[in-house]
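Input: a single structure, listed below in structure tokens.
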Amino acid sequence: KHRFYEIAARRFKAELKLYGATAAIHLENKNDEIFWGKVLKHTYPEGKFRFISSSRSHTGNITCGCTQCLQYLDFLDEKFWIAIDSDYRYLDEQPFMRPENYVLQTYTYSFENHFCFADNLNLALQKAVYPKSVDFDFGSFLREYSRIIYPLMVWQLYLNYIDRQAFPQSVFHRMLSVNVPMQFWKNNGEVILNVLRDRSKRFQNSMKRRYPDADYTWHEARCNELGVHRDNCYLYVRGHNLYDLIVYMGKALVSHARSSMEGIESKKSFEHYLTSNVCFDKYPEIVRLTDDVRKVLGITL
């Protein structure tokens with residue numbers, strides 16, 4: 001098995017001349033290319049990179065995903081890297097997740113979280129309904145969203161150490177799923193926030209009764225040390241949950257705006273504008289990521 005992936009890695013490196021590429025990068029999935037392509041173009045515009053979105057497993061099947069990327073961990077160098085979603089690996093401080101090992105990570109839960117950075121959402125909304133404006137502020141909405149779910153994340157990190165089955169990630173992810181009601185935009189999405197607020201309070205009360213001696217202050221302090229705090233927690237929750245919610249909201253806001261206003265110029269979708277841009281240099285997680293790319297490339301500023 002080990003030898004199989006070593007041979008495959010050698011082949012990826014040997015094929016670089018055919019592609020005229022700087023390096024080969026194994027991604028988790030084809031969908032990841034849009035994000036990592038933007039990151040690399042921004043950080044090293046003169047470079048050309050070959051993305052590998054899937055490869056054969058040692059059993060002969062075409063395979064994708066993080067597990068497949070990590071099969072190559074021992075064979076990475078300046079010509080062959082992996083680029084993966086952090087999931088909780090960053091928060092767990094897993095030691096191999098370092099640019100010195102030719103491993104690039106999102107720092108946020110997944111690449112979708114980067115597209116959901118608040119400034120990018122407001123920009124996408126503005127472009128989708130240009131030249132009109134919409135009375136909805138994603139920045140304010142996500143700040144409150146984060147403050148509501150932050151205690152849940154701290155509880156999960158705490159319980160992960162003392163009782164892993166008490167609050168698995170799958171349960172947390174389900175708690176983040178919301179059936180968005182009609183006209184949710186009134187009071188800047190307060191109806192959605194109230195649903196999450198109620199869930200969060202009921203869950204915390206339940207956990208406090210179940211673990212009356214719980215002391216999660218250390219986990220909260222560690223979160224803050226790693227850059228996760230009450231106002232940006234949305235960057236560290238499961239990207240699919242957040243992205244699906246945001247895209248649904250964005251589409252509804254644009255549809256409402258276009259039906260009630262004349263003269264809107266844009267014909268492209270909210271999601272198109274959402275995935276067309278990354279707010280480079282605007283927040284710590286994207287700065288860390290681009291710094292890692294420069295380290296892998298040996299670029300000094």
Side-chain angles (χ1 to χ4, degrees), residues 1-90 92-115 239-240 243 275-278 280-281 285-301:
K1 180 179 174 180
H2 196 261
R3 178 71 172 158
F4 174 88
Y5 291 105
E6 181 182 14
I7 292 170
R10 283 183 185 173
R11 187 178 70 253
F12 295 147
K13 297 171 198 178
E15 290 172 347
L16 285 176
K17 287 185 179 179
L18 293 174
Y19 291 90
T22 307
I25 308 171
H26 204 305
L27 308 177
E28 291 189 36
N29 196 285
K30 186 77 174 173
N31 294 337
D32 297 42
E33 289 187 21
I34 186 171
F35 174 73
W36 288 105
K38 291 181 187 302
V39 168
L40 290 161
K41 186 174 182 180
H42 172 83
T43 313
Y44 191 51
E46 61 269 40
K48 183 181 177 183
F49 300 91
R50 181 196 174 194
F51 289 131
I52 301 163
S53 56
S54 61
S55 58
R56 289 199 181 277
S57 68
H58 67 285
T59 58
N61 298 317
I62 296 295
T63 308
C64 58
C66 185
T67 301
Q68 180 70 358
C69 290
L70 294 175
Q71 299 286 2
Y72 296 99
L73 199 56
D74 291 338
F75 315 114
L76 304 176
D77 58 24
E78 67 276 0
K79 296 294 185 184
F80 180 41
W81 324 335
I82 60 173
I84 59 178
D85 290 337
S86 293
D87 292 352
Y88 271 16
R89 283 178 282 271
Y90 168 64
D92 289 340
E93 298 183 273
Q94 296 185 7
F96 68 86
M97 301 279 283
R98 300 176 60 82
E100 292 84 351
N101 298 328
Y102 300 96
V103 176
L104 296 173
Q105 64 168 316
T106 53
Y107 289 100
T108 58
Y109 188 98
S110 67
F111 75 87
E112 288 95 342
N113 300 74
H114 285 287
F115 286 131
H240 279 299
Y243 185 84
T275 56
S276 295
N277 185 58
V278 176
F280 291 107
D281 307 317
E285 292 77 11
I286 198 67
V287 171
R288 286 193 203 111
L289 194 161
T290 51
D291 283 349
D292 283 356
V293 174
R294 292 187 185 99
K295 286 176 185 175
V296 170
L297 288 165
I299 298 173
T300 55
L301 294 178

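All residue numbers refer to positions in the sequence shown, counting from 1. What's counted below: heavy atoms across the whole structure, side chains too, no hydrogens, waters or symmetry copies.
Separating the CZ atom in F280 from the NE2 atom in H114 is a distance of 9.0 Å, to the nearest 0.5 Å. Distance NZ/K295 to CZ/R98: 7.5 Å, rounded to 0.5 Å. Taking CD1 from I62 and OG from S54, the interatomic distance works out to 5.5 Å, rounded to the nearest 0.5 Å. With rounding to the nearest 0.5 Å, the separation of CG in N29 from CD1 in I84 is 13.5 Å.
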> Can V293 and L40 be said to form a side chain to side chain contact (heavy atoms under 4.5 Å, CB included), step by step?
Replying inline: CA-CA 8 Å; V293 174; L40 290 161; 3.8 Å; yes
> Between E28 and S110, does a side chain to side chain contact (heavy atoms under 4.5 Å, CB included) hold up when you go through it step by step?
Replying inline: CA-CA 11 Å; E28 291 189 36; S110 67; over 6 Å; no
> D281 and I286: side chain to side chain contact (heavy atoms under 4.5 Å, CB included), yes or no, with the steps?
Replying inline: CA-CA 7 Å; D281 307 317; I286 198 67; 5.9 Å; no
>> Let's go through F4 and E6 carefully: what are the C-alpha distance in whole Å and the side-chain angles of both, what is the deciding distance for side chain to side chain contact (heavy atoms under 4.5 Å, CB included) to 0.1 Å, and is it a yes or a no?
In response: CA-CA 5 Å; F4 174 88; E6 181 182 14; over 6 Å; no
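Contact check for R294 versus T43: side-chain heavy atoms found under the 4.5 Å cut-off. Between V39 and L289 the shortest side-chain heavy-atom distance falls below 4.5 Å. Side-chain contact check for Y72 versus I52: every heavy-atom pair is 4.5 Å or farther apart. A 4.5 Å side-chain heavy-atom check between D87 and T106 finds every atom pair outside the cut-off. Using a 4.5 Å heavy-atom threshold, the side chains of Q68 and S57 count as touching. Here the side chains of R56 and T63 are not in contact, with every heavy-atom distance at 4.5 Å or above. Residues I82 and L76 have side chains in contact (heavy-atom distance under 4.5 Å, counting atoms from C-beta outward).
In terms of the side chain to side chain contact (heavy atoms under 4.5 Å, CB included) criterion, residue partners of Y19 (sequence neighbours excluded) are, by chain and number, E15, A21, R50.
For C69 against L27, the heavy-atom pair with the smallest separation is SG-O, 3.3 Å. A pairwise comparison of heavy atoms in C64 and S53 identifies CB-O, 3.5 Å as the closest pair. Scanning all heavy atoms of the two residues, the minimum distance from N113 to G239 falls at OD1-CA, 3.2 Å. Shortest non-hydrogen contact noted between V103 and L73 is CG2-CD1, 3.6 Å. Minimum heavy-atom separation, P99 to V296: O-CG2, 3.6 Å.
Not less than 6.0 angstrom separates the ring centroid of H26 from the ring centroid of F75. Y102 has its ring centre no less than 6.0 Å from the ring centre of F80.
For the side chain to side chain donor-acceptor pair (under 3.5 Å) condition, the pairs that include at least one residue of residues 31-41, sequence neighbours left out, are K30-E33.
Side-chain atoms of D85 never come within 3.5 Å of backbone atoms of Y109 as a donor-acceptor pair (strictly under, hydrogens ignored). The backbone N or O of T22 sits nowhere less than 3.5 Å from a side-chain atom of E78 that would complete a donor-acceptor pair. Between the side chain of H58 and the backbone N or O of Y5 there is no donor-acceptor pair closer than 3.5 Å. Remark: the backbone N or O of K79 is paired with a side-chain donor or acceptor of D77 at under 3.5 angstrom. Between the side chain of Q105 and the backbone N or O of S86 there is no donor-acceptor pair closer than 3.5 Å. Counting only distance, with no hydrogens or angles, the side chain of N101 and the backbone of F96 share a donor-acceptor pair below 3.5 Å.
Note: F49 and W81 have tilted aromatic rings, judged against thresholds of 30 and 60 degrees for the angle between ring planes.
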